[in-house]
Amino acid sequence: MSYSVVISGTGLWTPEQTITNDELVASFNQYVERFNADNADAIAAGEVTALDPSNSAFIEKASGIKQRYVINKSGVLDPERLAPSIPERADDELSLQAEIAVNAAKQALDNANLTANDLDAVLVACSNMQRPYPAMAVEVQDALGMEHGWGYDMNVACSSATFGIQAGVDAIRNGSARRVLMVNPEICSAHLAWEDRDCHFIFGDVATAVILERKEDATSDNQWEVLGTRLQTKFSSNIRNNFGFLNRADESGVGARDKLFRQEGRKVFKEVCPMVAEQITSHLADTDIAVDSVNRMWLHQANLSMNELISKRVLGRPATREEAPVILDDYANTSSAGSIIAFHKYNGDLPAGSHGVICSFGAGYSIGSVIVNRVK
């Protein structure tokens, strides 16, 4: 027997600290001035390339981002550090990533009218885990007080949430779970190269959560039936992070630039946008949903121009902000959490019978789309 599955609750945890573009630029430009002064002779000799300053107008034009939320502001804005300052915790303390996941999960449970013991499984899906094991999902399971069930971690970069939704839906449909928590604790500030002008403005921190359950069991006032999910991957190194346990086996690479986020932005834009638009269009067609009956698209929040182009290709015209909500200006790119933030904030106004698409895309390349219909 295959069960119908609904999203019955979502949750969002947002850090208290923000960094505006002006604050970020002031700190970055201090770093640039110091770097160029310290390397003046090598720059003059052509041995080192001088760094260029950044500016807020460039950032907003390039990305649509105006600010970002971060777990630690002082470390990021210290021109001698340019990285968050986050103390390690003892093994008997709740890890930071589990903590923010639990915060988002509790809100999602409340919105779904559920308790932790109503869950059968926890999936933690995000772009980076703070450790390889034990699984973050198992720690979240324990911290929530679940007395039974199972959990595992998964990483498909910025597409982790939509891939996680499909994994949860599959578990419910095949009978291995009745209710699944899928959570995305993204501490993107810790894997961003804040000293790189091309990307120092891109990411922010956040955690989101989604409750998936059998339609017949759901009691919340806001339910979206999952009509279909579709995943796609195609290998590319245009978005890449080479940090991992093998780094210690070759000391020459420790601390190198490739051990943090990096991308070939123009190539990503050119290659990913048509792939995403085609996937959404074909997925709708295969699910017998007409494009003109789609009320909303909750897209991955990486770059405003990308979202505008994708939605235009799908609809055949520019989308309004109501049709394709934007949270990028406030949150920046939060990797897998972006489309879920947009869904969390901008779905409650739609009436029953409305159709929508949750879609994410990123490193891999990876693309995930989830077609939903509001049933309550």
Side-chain angles (χ1 to χ4, degrees), residues 7 10 101 104 123-129 136-137 152-171 180-188 191-192 202-210 212 226 228-241 261-265 267-284 297-303 306-307 309-311 313-314 324 327-328 331-344 356-372:
I7 296 172
T10 57
L123 306 181
V124 170
C126 59
S127 56
N128 278 281
M129 302 296 170
M136 198 60 55
Y152 63 83
D153 296 344
M154 58 185 297
N155 176 357
V156 202
C158 292
S159 294
S160 295
T162 49
F163 277 61
I165 288 174
Q166 174 161 310
V169 168
D170 288 347
V180 176
L181 165 68
M182 192 283 301
V183 64
N184 323 106
E186 292 286 7
I187 310 178
C188 299
H191 56 91
L192 176 60
I202 290 180
F203 287 114
D205 301 331
V206 79
T208 51
V210 173
L212 299 159
V226 177
T229 60
R230 178 166 295 180
L231 310 179
Q232 177 185 174
T233 53
K234 181 178 180 180
F235 184 75
S236 170
S237 288
N238 287 332
I239 311 173
R240 194 172 179 109
N241 182 336
F261 167 86
R262 59 193 172 96
Q263 70 170 352
E264 297 288 339
K267 291 181 180 178
V268 172
F269 188 100
K270 181 179 179 180
E271 295 171 5
V272 170
C273 288
M275 291 171 60
V276 175
E278 192 283 328
Q279 169 153 324
I280 293 174
T281 302
S282 63
H283 193 189
L284 288 168
M297 289 183 287
W298 302 280
L299 300 177
H300 171 49
Q301 305 284 312
N303 179 285
M306 291 184 77
N307 284 18
L309 178 58
I310 290 166
S311 57
R313 287 197 173 200
V314 172
I327 57 90
L328 177 74
Y331 280 84
N333 184 342
T334 52
S335 193
S336 69
S339 59
I340 306 302
I341 299 173
F343 179 77
H344 174 82
V357 180
I358 304 169
C359 183
S360 59
F361 40 90
Y365 295 130
S366 57
I367 304 171
S369 53
V370 182
I371 298 176
V372 293

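In this text, all values refer to a predicted model and were calculated from it rather than measured experimentally. Side chains are part of it too, since the values below use all heavy atoms of this structure and drop only hydrogens, waters and symmetry mates.
- Residues Ile165 and Ile340 meet the side-chain proximity criterion, which asks for heavy atoms closer than 4.5 Å.
- Atom NE2 of His283 sits about 12.5 Å away from atom CD1 of Ile367, to the nearest 0.5 Å.
- Residues passing the side-chain hydrogen bond (donor to acceptor under 3.5 Å, both in side chains) test with Thr281: none are found, sequence neighbours excluded.
- Taking the side chain as every heavy atom from C-beta outward, Tyr152 and Leu123 approach each other to under 4.5 Å.
- In this structure, Phe203 and His191 have tilted ring planes: the angle between them lies in the 30° to 60° band.
- Contact annotation: the side chain of Ile371 never approaches that of Arg230 to less than 4.5 Å [non-hydrogen atoms, C-beta and beyond].
- Note that CG of Leu231 is 6.5 Å distant from OG1 of Thr162, once rounded to the nearest 0.5 Å.
- Shown here are the side-chain hydrogen bond (donor to acceptor under 3.5 Å, both in side chains) partners of Glu264, two or more places apart in sequence or in another chain: there are none.
- In terms of the side chain to side chain contact (heavy atoms under 4.5 Å, CB included) criterion, residue partners of Arg313 (sequence neighbours excluded) are, by chain and number, Pro274, Ala277, Leu309.
- Distance alone, capped at 3.5 Å, places no donor-acceptor pair between the Asn184 side chain and the Cys126 backbone.
- Taking the side chain as every heavy atom from C-beta outward, Leu212 and Val169 approach each other to under 4.5 Å.
- In this structure, Ile341 CD1 and Thr208 OG1 are separated by 6.0 Å, a value rounded to the nearest 0.5 Å.
- Atom CG in Asn307 sits 14.0 Å away from atom CH2 in Trp298 (nearest 0.5 Å).
- Looking at residues two or more places apart in sequence or on another chain, you find a side-chain hydrogen bond (donor to acceptor under 3.5 Å, both in side chains) between Gln279 and Gln232, Ser369.
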Where do Val124 and Met129 land on the side-chain contact (heavy atoms from CB on, under 4.5 Å) test, with the steps shown first?
CA-CA 9 Å; Val124 170; Met129 302 296 170; 3.7 Å; yes

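- The two residues Met136 and Asp153 make their nearest non-hydrogen contact at N-OD2, 2.7 Å.
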So Val226 and Ile7, side-chain contact (heavy atoms from CB on, under 4.5 Å) or not? Walk me through it.
CA-CA 7 Å; Val226 177; Ile7 296 172; 4.2 Å; yes

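- Taking every heavy atom of both residues into account, Gly164 and Met182 meet most closely at C-CG, 3.7 Å.
- Nearest heavy-atom pair across Ala207 and Pro185 is CB-CA, 3.9 Å.
- Thr334 and Gln301 are not linked by any side-chain donor-acceptor pair at a separation below 3.5 angstrom, with hydrogens and angles left out of the test.
- Residues Asn238 and Tyr365 meet the side-chain proximity criterion, which asks for heavy atoms closer than 4.5 Å.
- Donor-acceptor pairing under 3.5 Å is lacking for the side chains of Ser360 and Ser339.
- To the nearest 0.5 Å, atom NE2 of residue His344 and atom CD1 of residue Ile327 are 11.0 Å apart.
- Looking at residues two or more places apart in sequence or on another chain, you find no side-chain hydrogen bond (donor to acceptor under 3.5 Å, both in side chains) involving Asn303.
- Take Asp170 and apply the side chain to side chain contact (heavy atoms under 4.5 Å, CB included) test, not counting sequence neighbours, and it matches Gln166.
- Inspection of the Ser160 and Ser336 side chains reveals no N or O donor paired with an N or O acceptor under 3.5 Å.
- Proximity of Phe163 to Thr233: side-chain heavy atoms (C-beta onward) are separated by under 4.5 Å at one or more points.
- Annotation: side chain of Val314 is not in contact with side chain of Val357 (no heavy-atom distance under 4.5 Å).
- Side chains of Glu186 and Ser127 form a contact here, defined as non-hydrogen atoms less than 4.5 Å apart.
- Distance check: Ile239 CD1 to Ser366 OG gives 7.5 Å after rounding to the nearest 0.5 Å.
- Shown are Ile202, Asn128, Asp205; of these, the side-chain contact (heavy atoms from CB on, under 4.5 Å) with Cys188 is made only by Asp205.
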